[in-house]
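See structure below.
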Amino acid sequence: MTTHDISAQRAHQTLWDLSAPGRSGIRLPESDVPKQPMPDASLLREDLRLPEVSELDVVRHYTRLAQKNFSVDTNFYPLGSCTMKYNPKINDMVASQPGFSGIHPLQPEETVQGALELMYRLQRDLQAITGMPAGSLAPLAGAHGELAGVLMIKAYHEANGEPDRKVMLIPDSAHGTNPASASMGGFEVVTLPSDSNGSLDLAAVEAAANDRLAGLMITIPNTLGLFNPNIARICEIVHGAGGLVYGDGANMNALLGRARPYDLGFDVVHLNLHKTTSTPHGGGGPGAGPVCVGERLAPYLPSPVVEMVEDAERARYRFATPANSIGTMSAGHGNFGVLVRSYTYLRALGADGLRQASGDAVLNANYLRRKLEHVYRVAVDRTCMHEVVFTGRPQREKGVKALDISKRMIDYGVHPPTMYFPLIVEEALMVEPTETESKETLDAFIEVMIAIAREVEESPELLHEAPHVTPVGRLDEARAARQPDLRWQAP
Amino acid sequence: MTEHPSELRYTIEHEWVRVEGDGNATIGVTFFAQDQLGDVVYIVLPAVGSTLQAGARMGEIESVKSVSDLFVPVSGEVLETNQDVLDHPERVNEDPHGAGWMLRVRMSDPSEVDRLLTNEQYDSAIAS
C-alpha cells in the first residue's frame, strides 16, 4: 500500500487551483430590493473572475498559509536592527477594546477623550524616556520620523535667516534611510567615516563644522551595536558650528531608562515604537515613529499634538498645531492602534521594567558575542550594546558567504540575521537577540551557529544549497530583481 | 595571481579605465567590486553627450546586497554607454573587464590616467 500526504500536495495550491464551477461558501437569498439603474453602466464588469470555492476550502487554505508563517510567536528571530522582541498579548487585548478600535478620526474630540488622553500620556512618557520637553506622535514609521526631523531642522534654519545651511553630516555606518530622508528634505549629504573603534570619527566632525552645516544625523548606539563615547563632544561641536543633532532612535532598546538623548545633546530623536515598545511588525509595518524634540524645535513639531486643558472639574484633551508646525504627516492621527499597544507596553513594564529590558537586551547580545567570537569574527571587538555584528570573512575565505550561512539557519528553525549591513563590515551578520529570549533559547542558537561553522569546514555544499526544509528552496534573488514578476496572473 | 589586468588603470573606488587605440577611455568596475557586490541587478549610467569631471558621480550600481555610487575616473565627454550591460547587468559579474564595460569617454585631459592606480597598487589597496 502506498500513501501520500494530500495536505502536502495542497500546500502549493492557490485558491484558483481549488476552484470548481458553481461552488460557493454561502448561498444568498434572492434580493428583495428592486434593481436600480447604474449611473454609469460601464463601471460594471461582466468578466470579473473569482475563484469558486467552499468556505472550508478557504479556511484550510489560509490556515495552511498561516502555519507556514515565520514569526516571533513561533521561532527565534534575531534580525539585527529590527528588534524582534516578543509582543505581549495584552497589547492586542487593550487595542481591541471597542473604545479604541471602533472610533473614527473625524469624530468630535469630546466623544474620544479616552483615546486623546492615551495619546497625551504616551507623548508624555516618550518625552520622559528621551528627556525631551516636547513631542508629536504624528509620524507613521521610523523613516517618516526622520523626514519630520529633517524638515523641522530645515524650518529652524530658515526661520533664523540661515537657509544656506544645507549640509547634513551622516556617518558611513548609518541606516540608508538617513541619507534618503536628508535628501528628501533638500539637504546635501556628506558621509563621515568611522574610526578604528567603529564610532564616528571625531576629527571628521570637527573638519566638517562650518557655517554651511545644517546638522548631523546619528544613530546611538550605532548600527554596529556600539555606543559612541564621544557623543556629547560631537553634539557640542555641531552646536558650536550652529548645526542641530538628529538622533535616529532605532536602537533605543539599548538605552531605555539608562541614557536620555536630550542629556547627550540631541535636538530631535525619533522612536520606532513598533520595535522598542513591542508592537507586531515585519514585512514593512505597521509602525509608529514619534519625534521628541528640544526647546529649539518644539514650535516646528508636526501636527497634531495632543494638549491637556485643565477645567475646574476635570482634565480635557484636544488636538493642537504647534506655532510654526511643519504640517501634518498623514491623514488621521498617526497609527493609532500601534500607539495603544505601545502605551500598554510602557505601562505594563513601568520605569523599572524598561530599565531591565534594556539591560537584558545588552546582556543577551554580549552573551552571544562572547560565546561565538571564537567561531565568527566580531566586526569590532568591543563590548556591544543591544546587538552584535559578526563578519563571515573567515568563512568567506572557505567559499561560504554570509548569505549561505543565513540560509542554512532557516533549516535549523532560526530566522536569519540582518546580512551585509552595516555596509562598512564585509560579510556582515548582524544579530539582535532582544531581551525577551531565555538563556535556553540563546544557548540553542549558539549550538546552531557552531554546528553551521562546522558544516562550513566539512560539508560546505549543504550551505550553498540551503535552505532544504522550506516549501521553496534557494531563491534566485538576482533574477527576481532583474526580471521582476510582481503579479500572479490567471492561467 | 591578480584578477586585475596590468593594461588597465584603477581607482580606489573600484572603477577601471582602459585607454583605447583611438585615445578614448573605456570605463567599468573591477573584478573585486563585482565580487564584493554580488549579483548585479541594475545599473544607471550618465547620458551620452554629458560632460563629467574626474571624481564626479556618474551613476549607480545595484546588487542583491546594496546600491553604490559609480564615480568617473577621468574627465571628458560621454561618447557611448553599453546598452548590453544596461539590459543585462549580469555582464558585470560574468566579464567585468570585458563585456561588462559601462561607458566610453573622450578624455579632456589624458594625463589624468597616469595618476590612477596600477593593478599592483590597486591589489595592495584592496588587500589592506
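Lettering of chains follows the sequences in order, A, B, ..., and the numbering in each one begins at 1. These figures come from a predicted structure and were not determined experimentally.
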For A/K166, look at atom NZ and say whether over 12 heavy atoms of other residues, nucleotides or ligands are found less than 6.0 Å away.
yes
What part of A/E427 lies closer than 4.5 angstrom to a heavy atom of chain B: side chain, backbone, both or neither?
side chain
Between the side chains of A/E477 and B/K65, is the shortest nitrogen-to-carboxylate-oxygen separation below 4.0 Å, so that they form an ion pair?
no
Counting heavy-atom pairs under 4.5 Å to chain A, which of B/E90, B/H88, B/Q36 comes out on top?
B/E90
Would you say that more than 12 heavy atoms from the other residues, nucleotides or ligands in this model lie under 6.0 Å from the CD of A/E465, or not?
yes
B/Y42 OH: over 12 foreign heavy atoms closer than 6.0 Å:
no
Check A/A478 against B/V41 and note the closest heavy-atom contact, atom names and distance.
O-CG1, 3.7 Å
Would you indicate whether B/R106, at its atom CZ, is surrounded by more than 12 heavy atoms from other residues, nucleotides or ligands within a distance under 6.0 Å?
no
Turns out that what part of B/D35 lies under 4.5 Å from chain A's heavy atoms comes down to both
Are there over 12 heavy-atom neighbours, none belonging to B/Q53, within less than 6.0 Å of that residue's CD?
no
Around A/R393, counting heavy atoms of other residues, nucleotides and ligands shown, do more than 12 lie under 6.0 Å from its CZ?
no
Contact origin within A/R479 toward chain B - heavy atom pairs under 4.5 Å
neither
Checking A/R482 side chain against B/V40 main chain: does a donor-acceptor pair fall under 3.5 Å?
yes
Given a strict heavy-atom distance threshold of 4.5 Å, which part of B/E62 is in contact with chain A: side chain, backbone, both, or neither?
neither
